[in-house]
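Report on the following structure.
No hydrogens, no waters, no symmetry mates; every other heavy atom, side chains included, goes into these values.
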Amino acid sequence: MPTTWNRSPEEFHKIYVANTDAFYKAGGSAHARELDEFMTKCALALWSRAGGLSQHHVDMANEIYSKGQPKPTWMLWSLTSSVCDSDLFLPPVFFWNLAESDVKRGTENSRSLVRVITNVLLYCAAVDDDVTLSEAEYITECQDKLSAICDATGVKNTRTAMNPMDYVTSSEPSFKEKHPPQTATAGGNTTAETARPAEEEKKSLEELMAEMEELVGLEEVKKDVKNLINLVKVRKLREENGLPNTAMSLHMVFMGNPGTGKTTVARLLGGMYAAIGVLSKGQLVEVDRSGLVAGYVGQTALKTQEVIKSALGGVLFIDEAYALSGGGEQDFGKEAIETILKAMEDHRDDLIVIVAGYTGPMEEFLDSNPGLESRFNKYFHFPDYNGEELYKIFLMRCKKNKYELSKKAQKDAKEIFHQMYENRSDNFGNGRDVRNFFEDTVVRQSNRLAAMENPTKEDLVTIIPKDLRES
């Protein structure tokens, strides 16, 4: 991907042709005219999200045409009137046909086209003087709706699929060369001492996004993450090309009960930010109050500084962060907060702080210090898993550990988890409760098998209704 991008229409045309040519070269659809018309509609809808259209947008729209196709001749009045018909994103018929053709031929040109469209829209977003969240949301909407067609038709999604930007030539080092993909390198529960080896192969943004999509539930959280990543990607493009960006804080607040995937999402975010060059490493350092606060005057700042140092280049995830502000005026937790706030300012270019905990206490925590309110402006709400989602998590644990449920056990397990959700308390453990239930199930199955003389392999892997409940 080129790292020098002039805002001239001619340069935009080169970028557009590089993407479409890459798609055609890989064996994609020959419907060039339909693709150009579709991309024009998408560009109009995207630009309309940022406000009124200008002559510059007209010039850019006139450069959306593939090789061998006629150049459009938009006028400002015609472009403006066309926006009214372009705001709603509707996947074109030719894309459905392309996806169906992929299934028959074993190809994945439709998924390649999704990446082409995303790349072009990112550049379209970067031509404005400002990049808004609504623009990022529109790009996410495009991705989701097109990908949904691929999923519905059964188009495979391999990790060796064509990357359109590999075909783009430039005299400058590529974006990949300047910002090699990275991901989280730490998975510890308390400090950075549990960091994974530095030589571990780092994952690409596409792989990390796929991992996030595989998480049970969390649909709104997934959408918010994709919106945020698209917004940050466009900001990086603007930065690479010498364009201004409005001030933006990437620090976040995760609110919700335990076991709802907050730590997992934080780890994935760290990897995603590293993959697009926002963070230099992307590791996750997870702590709570005990990992930051010491027992004597002056020691808390030193202890907190050591944790911050280990998190530089990645994400500092503070679980139950409200515990830092609940000990009164003389409590050392306030010293930890002040140290963290200073680090957020001193290392704003290479440190992201995520504070997490129950919704009510977290709101009180943010109100306890004016500096917290000003630095955290992105809120992610993690809802409790419903009964069906709890059951899916349980099945995933069974599959991972090579257990299978009998048909009667499947029915009983569904009922158990629906009851668990309906009767949940304010301190509902969600995924943690599922993990505990799974471990108790394995213990009961083991006790049952121990009483058998010669259990078969099928016995060893099968969970029956008796294993799910105390007798």
Side-chain angles (χ1 to χ4, degrees), residues 184 186-191 193-196 200 211-219 221 254 256-268 284 286-291 317 319-320 323 356-358 382-471:
N189 293 323
T190 54
T191 69
E193 294 175 354
T194 53
R196 290 177 284 180
E200 181 175 324
E211 286 186 25
M212 185 181 68
E213 287 299 328
E214 291 173 1
L215 297 178
V216 174
L218 302 177
E219 297 307 319
V221 171
F254 285 6
N257 283 334
T260 48
K262 296 188 291 294
T263 305
T264 300
V265 172
R267 183 177 292 113
L268 289 172
L284 178 79
E286 182 183 355
V287 295
D288 55 16
R289 176 187 166 91
S290 65
F317 183 85
D319 199 16
E320 299 180 344
Y358 294 103
F382 288 72
D384 289 337
Y385 291 115
N386 60 35
E388 186 64 28
E389 291 168 343
L390 294 170
Y391 175 65
K392 287 181 180 179
I393 295 172
F394 179 69
L395 289 183
M396 289 172 62
R397 282 194 168 273
C398 290
K399 182 178 180 180
K400 181 179 180 181
N401 291 277
K402 300 192 181 303
Y403 287 98
E404 298 177 359
L405 276 70
S406 68
K407 289 187 177 180
K408 182 61 168 63
Q410 292 177 28
K411 181 179 179 181
D412 287 3
K414 286 184 179 180
E415 180 181 343
I416 288 172
F417 286 115
H418 279 284
Q419 291 176 353
M420 183 184 291
Y421 173 73
E422 293 297 333
N423 300 323
R424 70 192 187 281
S425 66
D426 292 338
N427 298 321
F428 183 49
N430 289 282
R432 296 180 188 178
D433 286 355
V434 175
R435 180 190 62 199
N436 294 337
F437 181 84
F438 171 77
E439 291 173 354
D440 291 340
T441 297
V442 171
V443 170
R444 285 190 287 268
Q445 190 232 34
S446 299
N447 290 336
R448 177 174 60 83
L449 295 178
M452 298 172 62
E453 187 169 338
N454 291 305
T456 65
K457 181 177 181 180
E458 184 178 358
D459 291 328
L460 293 172
V461 302
T462 303
I463 292 175
I464 64 175
K466 185 179 180 180
D467 302 327
L468 299 175
R469 293 185 173 96
E470 292 287 351
S471 57

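For F394, the ring pair (Phe, Tyr, Trp, His ring centres under 6.0 Å) partners at least two apart in sequence or on another chain are F417, F437. Under the side chain to side chain contact (heavy atoms under 4.5 Å, CB included) criterion, S446 pairs with V442, sequence neighbours left out. The salt bridge (charged side-chain N to carboxylate O under 4.0 Å, His left out) test applied to D440 returns no partner, not counting sequence neighbours. With sequence neighbours excluded, no residue forms a side-chain hydrogen bond (donor to acceptor under 3.5 Å, both in side chains) with R432. Partners of K408 under the salt bridge (charged side-chain N to carboxylate O under 4.0 Å, His left out) rule, at least two apart in sequence or in another chain, are D412. F254 pairs by the ring pair (Phe, Tyr, Trp, His ring centres under 6.0 Å) definition with F380, F382, not counting sequence neighbours. With sequence neighbours left out, the side-chain hydrogen bond (donor to acceptor under 3.5 Å, both in side chains) criterion links K414 to no other residue. Evaluation of the side-chain hydrogen bond (donor to acceptor under 3.5 Å, both in side chains) rule for Q419 yields E415 as partners, not counting sequence neighbours. By the side-chain hydrogen bond (donor to acceptor under 3.5 Å, both in side chains) test, E388 is found to be paired with no residue, residues two or more places apart in sequence or in another chain being considered.
Side-chain contact check for R469 versus I416: some heavy-atom pair is nearer than 4.5 Å. In this structure, the side chains of I464 and R448 come closer than 4.5 Å at one or more pairs of heavy atoms. Looking at T260 and V221, their side chains never come closer than 4.5 Å, going by heavy atoms from C-beta outward. Within the 4.5 Å cutoff, the side chain of E470 has heavy atoms near those of the R444 side chain.
Here K466 contributes atom NZ and N447 contributes atom CG; the two are 10.0 Å apart, rounded to the nearest 0.5 Å. Distance check, rounded to the nearest 0.5 Å: OG1 of T441 to CG of D467 gives 7.0 Å. Between atom CD of residue E211 and atom CZ of residue R267 there is a gap of 10.0 Å, rounded to the nearest 0.5 Å. Put simply, CG on L390 and CG on D433 are 8.0 Å apart, with the number rounded to the nearest 0.5 Å. Atom CD of E404 sits about 11.0 Å away from atom CG of L395, to the nearest 0.5 Å.
Taking the charged nitrogens against the carboxylate oxygens, R289 and E320 have no contact shorter than 4.0 Å, which rules out a salt bridge.
Judged as a side-chain hydrogen bond (donor to acceptor under 3.5 Å, both in side chains), not a single pair has a partner in residues 389-400 (not counting sequence neighbours).
More than 12 heavy atoms of other shown residues, nucleotides or ligands fall within 6.0 angstrom of atom CG in N401. Residue E439 places its CD atom among more than 12 non-hydrogen atoms of other residues, nucleotides or ligands, all under 6.0 Å distant.
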Under 3.5 Å, side-chain donor or acceptor atoms of residues 451-458 against the rest of the protein: list the pairs with distances, not counting sequence neighbours.
| unit_1 | atom_1 | unit_2 | atom_2 | d |
| --- | --- | --- | --- | --- |
| T456 | OG1 | E458 | N | 3.4 |
| T456 | OG1 | D459 | N | 3.1 |
| T456 | OG1 | D459 | OD2 | 3.1 |

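A cation-pi contact, defined as under 6.0 Å to the ring centre and within 45° of the axis, is absent between R435 and F438.
The main-chain N or O of D288 is never found under 3.5 Å from a side-chain atom of D319 such that the two would form a donor-acceptor pair. The closest donor-acceptor contact from the side chain of N257 to the backbone of G429 lies at 3.5 Å or more, if one exists at all. Using modelled atom types, one side-chain atom of Q410 and one backbone atom of L405 make a donor-acceptor pair closer than 3.5 Å.
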